[in-house]
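Scroll down for the structure; my scribbles are underneath it.
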Amino acid sequence: LIFSRFFGILDGVARSLGRGEITSGLIFGFLLMAVFWVLSIPFSVYRTFVIEEKYGFNTTTPRVFVTDIIKGWVLTAALGAPLLAGILWFFKNAGSAAWVYAWALAVLFQLFALYIAPTVIMPLFNRFEPLEEGELKEKINEYARRNSFAHSGIFKMDGSKRSSKSNAFFTGFGKNRRIVLFDTLIEKHPPDELVSVLAHEVGHYRKKHILQRMVLSVITSGLMFYLLSLFLWSPGLSLAFGIREHSVYAGVILFGFLYIPVSFLLSVLENSLSRRNEYEADRFAAGTGPGPGVFADALKRLSRDNLSNLTPHPFKVALEYSHPPVPERVRAVLEVDGEKRGGIR
């Protein structure tokens, strides 16, 4: 694409409409995103309807697949356009401190998105129903009370709408924090195992892993905007991508490509921290939930049902895995069981 002067052509289209620099930047960003999105569709189709289908996971219909793409476009335009416009405005008008203002805007946007995600964004893609009364809900509420975990409700999500894989998670923060269980998870696990999976997620909260990740995200985004401020005004940045006339929007958007190697290196460090956090949350779940053995059984069942790779190469784990391989997690959990019984096994 670079050698074909693709970026220069898109920039020419954006400029030809005769709008201001911020509007031209939004048009350029939209066109760029549209092209890459279209190029990605065949790969998404193959991943969903060939690979996932081959291994019995796919439950996505063509209609759901297409509507997901359309909703993603609308959501990106509704949320992304104001954010990009604000960043462009700061870099055009705020001088040397622009990167600080843009950084603050991005952080506020991230917090806003996290806050509205449970009630506004996620329901656009999935149906969330309050978990019905019964043994499971009682056990989850009892565990949450015992461990001082406040939440706004326990919900069942129709994960089976797209895949037979299963998961559980928390979403939102403050009064908007929800416990969400995939319907596939509820179908495949007994109540005690589900409580142990929930205990793992509570462990992330109690060990302040979520806050830690948010702080880390704020720091890394600050680094990104500072580096952007160093490269933004270099005409060589635009020329390298075949754009003859440099602009603020070209600098901001094209810098994203240069930042990919830095982002990758940071992700290796973040994944290392994440794997350590997973072990801590596992130990918390083993110590506060129905028992280490129950949690180990839940991990085994999740691994089996989702066809997890049990023996990934250590170098691949170091580069890409945010969670340790399941056998290592099970061994660590059973050590907690051994400690409880008076000796490690």
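Hydrogens, waters and symmetry mates are skipped; everything else that's a heavy atom, side chains included, is used. A quick note: this is a predicted structure, and the numbers were derived from the prediction, not measured. Just so you know, residue 1 is the first one in the sequence shown, and it goes up from there.
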Q. Any ion pair linking D183 and K161 (charged N to carboxylate O, less than 4.0 Å)?
A. no
(Q) If I compare all heavy atoms of S274 with all of S322, which pair ends up nearest, and what's the gap? (A) OG-O, 2.7 Å
Q: May I ask you to say whether E52 pairs ionically with K54, meaning some side-chain N is under 4.0 Å from a carboxylate O?
A: no
Q) So does E21 pair up with K92, basic N to acidic O under 4.0 Å? A) yes
Q | NZ/NE/NH1/NH2 to OD/OE distance under 4.0 Å, K165 and D305 | A | no
Q.
Assess, by modelled atom type and distance only, whether the side chains of E280 and H204 contain a donor and an acceptor separated by less than 3.5 Å.
A. no
Q. Are T61 and F65 close enough, and set up right, to give a side chain to side chain contact (heavy atoms under 4.5 Å, CB included), and what steps lead you there?
A. CA-CA 6 Å; T61 64; F65 184 84; over 6 Å; no
Q | Heavy-atom closest pair, residues S4 and I9 | A | O-CD1, 4.2 Å
Q.
Can you tell me if Y226 has over 12 outside heavy atoms packed within less than 6.0 Å of its OH?
A. no
Q. Are the side chain of R15 and the backbone of S24 linked by a donor-acceptor contact shorter than 3.5 Å?
A. no
Q | Nearest heavy-atom neighbours spanning A94 and Y101 | A | CB-CD1, 3.8 Å
Q | Main-chain N/O of L124 paired to K71 side chain as donor or acceptor, under 3.5 Å | A | yes
Q) In terms of side-chain heavy atoms, does Q212 have a donor or acceptor partner in N277 at a distance below 3.5 Å? A) yes
Q.
Pair E132, K137 - check side chain to side chain contact (heavy atoms under 4.5 Å, CB included), show working.
A. CA-CA 7 Å; E132 56 269 17; K137 186 173 183 178; over 6 Å; no
Q.
With a 6.0 Å cut-off (strictly less than), is the heavy-atom count around NZ of K188, excluding the residue itself, greater than 12?
A. yes
Q) Can you check whether T311's main-chain N or O pairs, donor with acceptor, with N309's side chain at less than 3.5 Å? A) yes
Q. With distance as the sole criterion, is a donor-acceptor pair present between the side chains of Q110 and S217 under 3.5 Å?
A. yes
Q) Just how far is it from atom CE of M157 to atom CD1 of I186, taken to the nearest 0.5 Å? A) 10.5 Å
Q | S308 OG to L310 CG distance, which is reported to the nearest 0.5 Å | A | 7.0 Å
Q. Atom CG of D11 and atom CD1 of I243: how far apart are they, to the nearest 0.5 Å?
A. 4.5 Å
Q. Is there side-chain contact between L302 and N167, with heavy atoms separated by less than 4.5 Å?
A. no
Q) Is the CZ atom of F231 crowded by more than 12 outside heavy atoms at less than 6.0 Å? A) no
**Q.** Criterion side chain to side chain contact (heavy atoms under 4.5 Å, CB included) against N58, the qualifying member of I51, V50, T48
**A.** T48
Q. Does the gap between the ring centers of F30 and W37 come in under 6.0 Å?
A. no
(Q) Within the structure provided, determine whether T60 and R162 are in side-chain contact (heavy-atom separation under 4.5 Å). (A) yes
Q. In chain order, what residues pass the side-chain hydrogen bond (donor to acceptor under 3.5 Å, both in side chains) check against N306, with sequence neighbours excluded?
A. none
Q | Closest contact, heavy atoms only, S221 versus V107 | A | OG-CG2, 4.3 Å
Q: Inspect the contact between R213 and E270 and indicate whether a charged nitrogen and a carboxylate oxygen are less than 4.0 angstrom apart.
A: no
Q: Report the distance from atom CD1 of I116 to atom CG of L111, rounding to the nearest 0.5 Å.
A: 12.0 Å
**Q.** Residue Y46 excluded, over 12 heavy atoms near OH under 6.0 Å
**A.** no
Q. Salt bridge check: are E193 and R301 linked by an N-O gap of less than 4.0 Å?
A. yes
Q) Which pair of heavy atoms, one from T288 and one from R146, lies closest together, and at what distance? A) O-NH2, 3.1 Å
Q. With no hydrogens and no angle check, is any side-chain donor or acceptor of S166 less than 3.5 Å from a backbone partner on F182?
A. no
Q. Quick one: are R275 and V317 in side-chain contact, heavy atoms under 4.5 Å?
A. yes
(Q) I need the minimum non-hydrogen distance between Y321 and P312, along with the two atoms involved. (A) OH-CB, 3.4 Å
**Q.** Side-chain cluster (under 4.5 Å, hydrophobic types only) that L273 belongs to, other residues
**A.** L216
Q. Is a donor on one side and an acceptor on the other found under 3.5 Å between the side chain of H246 and the backbone of L232?
A. yes
Q: For atom CZ of R19, decide whether the heavy atoms of other residues, nucleotides or ligands shown that lie under 6.0 angstrom number more than 12.
A: no
Q: Nearest 0.5 Å please: distance from the CD1 atom of I154 over to the CD1 atom of I179.
A: 5.0 Å
**Q.** More than 12 heavy atoms from other groups under 6.0 Å of NZ on K208
**A.** no
Q: Kindly say whether the aromatic ring centers of F241 and F257 come within a distance under 6.0 Å.
A: yes
(Q) As an exercise, state the distance from CG of L254 to CD1 of I2, rounded to the nearest 0.5 Å. (A) 9.0 Å
Q. Where does the angle between the aromatic ring planes of H200 and F295 fall among parallel (under 30°), tilted (30 to 60°) and perpendicular (over 60°)?
A. parallel
Q. Under a 4.0 Å N-O cut-off, is there an ion pair linking R331 with E335?
A. no
(Q) Counting only heavy atoms from other residues, nucleotides and ligands, does the tally under 6.0 Å from CZ of F315 exceed 12? (A) no
(Q) Would you say the ring centers of Y249 and F91 fall short of 6.0 Å from each other? (A) no
